[in-house]
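A short write-up of the structure that comes next.
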Protein chains: 2
Amino acid sequence: MARNSRQSKILELISVKEIETQEELVAELKAASYDVTQATISRDIKELGLIKILTDSKKYKYAIVSSSNQAVSNKCLNIFKECVISIKNAMNLVVLKTLKGTAGMVSNFVDQLSINSVLGCTFGEDTVMIITADIEDAYLVQQKLNEILAQ
Amino acid sequence: MARNSRQSKILELISVKEIETQEELVAELKAASYDVTQATISRDIKELGLIKILTDSKKYKYAIVSSSNQAVSNKCLNIFKECVISIKNAMNLVVLKTLKGTAGMVSNFVDQLSINSVLGCTFGEDTVMIITADIEDAYLVQQKLNEILAQ
DNA sequence: AATCAAAATGTATAAATATGCAAAAAGCAC
DNA sequence: GTGCTTTTTGCATATTTATACATTTTGATT
């Protein structure tokens, strides 16, 4: 569906760039050949439960709502699920395979979850690597992510 | 200073009521005899780093930015500091004395901090009670709060 | 394919928010 | 106090976002 794909792109865009306004988002989406208007974006943003937060430079930017304040919106969760193909462990790492181009967004998402044992995330085109302190923690994180995906 | 007092009132208002718009906030402030315009509120909100999140009923309301996403804004922290008079332990409880009328706001704030050992908070007019699992946890929470206030 | 129902989107505009600029208020030094 | 600087605020308005309504698209059923 075009809509899901577009919303997934929105999540990706806001996790990579500092998007200040919906018009800016429209422009970025046009560049990625999603031809939509601001009105549609406004609706997408509401559905995804995105918020505007202040950056260090005192400008507003769109962001995914953090987990402690409020549950991640169902819509976000669904998109997250669709993008993750597999979750595997390797020593003190958890490796996620994702749809091409969505790894950045997924990595950002994992960061947002603020799981205690996650030390950090890096990502490429279709792979996210989560670093934990030890093998046991990697296992815990994998469990946790599986739980979230199973919701 | 009138400004700090007003901003403190704003934090209190948004923690107690679901404030959907700045105009609504202006009205509430007027009722509390703070006579200001929407423009000023807009600036206050920016300074406090407040955000708009979706409620369960799909309406937007103002909220304090959560701790995991981003540090609580300096401004919020300052106001928090000014409102807390003392922090004491009693068994598995931590008891905060606050300025009259600000306990609700402070309690909300403590919730936002998402400290692990905090099981829950209740409050009256000028007292916040934090419940923890045991005496040791109460001590840890007290330590943590003192750290935050000392920042 | 034709028909209907539901969902998604665009257009136009209402509603909400941010901000440039000028005025007022608050500090501060003398 | 007076004069000067800095901060805060209001007014007017630009900018940004949400939404009512109409239209288009999608999907299912026959």
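If you're wondering where the values come from, they're calculated on a predicted model, not measured in any experiment. Order of the sequence lines sets the chain letters (A, B, ...), proteins ahead of strands, with each chain counted from 1.
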Separation of atom CG in Asn4(A) from atom P in dT25(D), rounded to whole Å: 20 Å
Distance below 4.0 Å between Lys46(B) side-chain N/O and dT19(C) OP1 or OP2: yes
Length of the CD-P vector between Glu20(A) and dT19(C), whole Å: 9 Å
From CA spacing to verdict: side-chain contact (heavy atoms from CB on, under 4.5 Å), Ile115(A), Leu145(A): CA-CA 9 Å; Ile115(A) 302 171; Leu145(A) 288 176; 4.2 Å; yes
Closest to the Arg43(B) side chain, choosing from dT16(D), dT9(C), dG10(D): dG10(D)
Under 3.5 Å donor-acceptor, Lys46(A) side chain and Lys59(B) backbone: no
Nearest-Å distance for atom pair CG/P, residues Leu25(B) and dA18(C): 12 Å
dT17(C) phosphate, OP1 or OP2, under 4.0 Å from Ser42(B) side-chain N/O: no
Verdict with supporting geometry, Ile51(A) and Lys52(B), side-chain contact (heavy atoms from CB on, under 4.5 Å): CA-CA 6 Å; Ile51(A) 60 173; Lys52(B) 275 185 116 163; over 6 Å; no
Side-chain donor/acceptor of Thr102(A) to backbone N/O of Met105(A), under 3.5 Å: no
Heavy atoms from other residues, nucleotides or ligands near NZ of Lys88(A) exceed 12 (cutoff 6.0 Å): no
Residues touching DNA chain C, which here means a heavy atom under 4.0 Å, drawn from residues 28-41 of chain B: Gln38(B), Ala39(B)
Length of the CD1-P vector between Ile10(B) and dT8(D), whole Å: 14 Å
Helix axis bend for the helix from dA1(C)-dT30(D) to dC30(C)-dG1(D) - C1'-based end axes, five pairs, 10° rounding: 40°
Whole-Å distance separating the OH atom of Tyr60(A) from the P atom of dT16(D): 13 Å
Residues Tyr60(B), Ile53(B); criterion side-chain contact (heavy atoms from CB on, under 4.5 Å); working and verdict: CA-CA 5 Å; Tyr60(B) 284 104; Ile53(B) 62 172; over 6 Å; no
Donor-acceptor contact below 3.5 Å, side chain Ser107(A) vs main chain Thr122(A): no
Gap between atoms NZ and P, on Lys61(B) and dT17(C) respectively (whole Å): 15 Å
Gln7(B) and its side-chain contact (heavy atoms from CB on, under 4.5 Å) partner, picked from Glu47(B), Glu12(B), Arg43(B): Glu47(B)
N or O in side chain of Lys52(A) less than 4.0 angstrom from dT17(C) OP1/OP2: no
Options dT9(C), dT17(C), dT17(D), nucleotide nearest the side-chain atoms of Arg6(A): dT9(C)
Touch class at under 4.0 angstrom, heavy-atom based, for Thr21(A) against every strand present: sugar-phosphate
Interatomic distance, Arg3(A) CZ vs dT24(D) P [rounded to whole Å]: 20 Å
Rounded distance (nearest 0.5 Å) linking atom CD of Glu18(A) with atom OG1 of Thr55(A): 5.0 Å
Nearest-angstrom distance from the residue atom CD of Gln22(A) to P of dT17(C): 13 Å
